[in-house]
Amino acid sequence: EAGVTQSPTHLIKTRGQQATLRCSPISGHTSVYWYQQALGLGLQFLLWYDEGEERNRGNFPPRFSGRQFPNYSSELNVNALELEDSALYLCASSPHRRGSTDTQYFGPGTRLTVL
Amino acid sequence: SQQGEEDPQALSIQEGENATMNCSYKTSINNLQWYRQNSGRGLVHLILIRSNEREKHSGRLRVTLDTSKKSSSLLITASRAADTASYFCATEIGSVLANTGKLIFGQGTTLQVKP
């Protein structure tokens, strides 16, 4: 069974540009989660999508946004990039069921560098 | 602030020895998960322990959970050089009927296993 996949592996942008990161969940999983791992700040929750809807959002500015497509894949968009957005962005998926908590399975991440 | 605090921050042992990592958290949880991360890559899920469980085993891994002390430990027995990685605990807060989807990670323990 294929795991969570993310693209691209590395992304280099300049300040002020926009970045788009992509994630494909494990087959059968409907929930997708995004996390940011910045140096010195640890792993921070960004967004949770389930069945096409945003279910929860972390403490990030509105220039961090995303969406989930009908096939449950997801995009994370970061607008007006700032130097401190440089980080490893991790996507995870789970077979979300209401009233249950599930393991989140992570992809290999996208390394975003903002120059 | 981080929900999970790991102890120690760094651990160096010889191959064949056991490694114990501890995690403390602050609020009531649905479950606690342990992950491994190799060299800034994606997270590999190791084990999930639910709030009503006290101990779980998986191969050379043993996880305990003490909800009265709000703490968990991860024991790796007969360690190997390939176990060299960072280990994170992650907790999910909120009620089972109202999942937040948000994992809160500790800062991690960096384990080095010397051959």
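Both backbone and side-chain heavy atoms feed into the values below; hydrogens, waters and symmetry mates do not.
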Are [X] and [Y] in one and the same hydrophobic cluster, where Ile, Leu, Val, Met, Phe, Trp and Tyr link if side-chain heavy atoms are under 4.5 Å apart?
{"X": "B:Tyr25", "Y": "B:Val63", "answer": "yes"}
{"X": "B:Leu43", "Y": "A:Tyr89", "answer": "no"}
{"X": "A:Leu83", "Y": "A:Leu112", "answer": "yes"}

Open item on the list: Please identify which of these residues, B:Ile47, B:Leu48, B:Leu46, meets the side-chain contact (heavy atoms from CB on, under 4.5 Å) condition with A:Thr103.
Closed with: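 Only match with A:Thr103 under side-chain contact (heavy atoms from CB on, under 4.5 Å): B:Leu48.
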- [ ] Can you establish whether the number of heavy atoms outside A:Leu39 located under 6.0 Å from its atom CG is more than 12?
- [x]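 Incorrect, the count does not exceed 12.
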Open item on the list: Is it the case that atom CZ in A:Arg63 sees more than 12 heavy atoms from other parts of the structure closer than 6.0 Å?
Closed with: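 Count over threshold, so yes.
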Open item on the list: Measuring only between side-chain heavy atoms, which start at C-beta, is B:Tyr35 closer than 4.5 Å to A:Gln104?
Closed with: yes
TODO: Answer yes or no: is there a side-chain heavy-atom contact under 4.5 Å between A:Leu43 and B:Leu103?
DONE: no
- [ ] Please determine, among B:Gln33, B:Lys102, B:Arg41, B:His45, the option with the most heavy-atom pairs under 4.5 Å with chain A.
- [x]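 Most pairs with chain A among the choices: B:Lys102.
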Task: Gap between atom CZ of A:Phe106 and atom CD of B:Gln37 - 0.5 Å precision - done: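 Separation between the atoms: 9.5 Å.
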TODO: Return yes if some donor-acceptor pair links the side-chain N/O of A:Asn56 with the main-chain N/O of B:Gly101 below 3.5 Å, else return no.
DONE: no
- [ ] Tell me, for A:Gln37 versus chain B, whether the close heavy atoms (under 4.5 Å) come from the side chain, the backbone, both or neither.
- [x]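 The side chain, not the backbone.
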TODO: Could I get the full list of ring-ring contact (aromatic ring centres under 6.0 Å, His included) partners for A:Phe60, not counting sequence neighbours?
DONE: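 By the ring-ring contact (aromatic ring centres under 6.0 Å, His included) rule, A:Phe60 matches A:Phe64.
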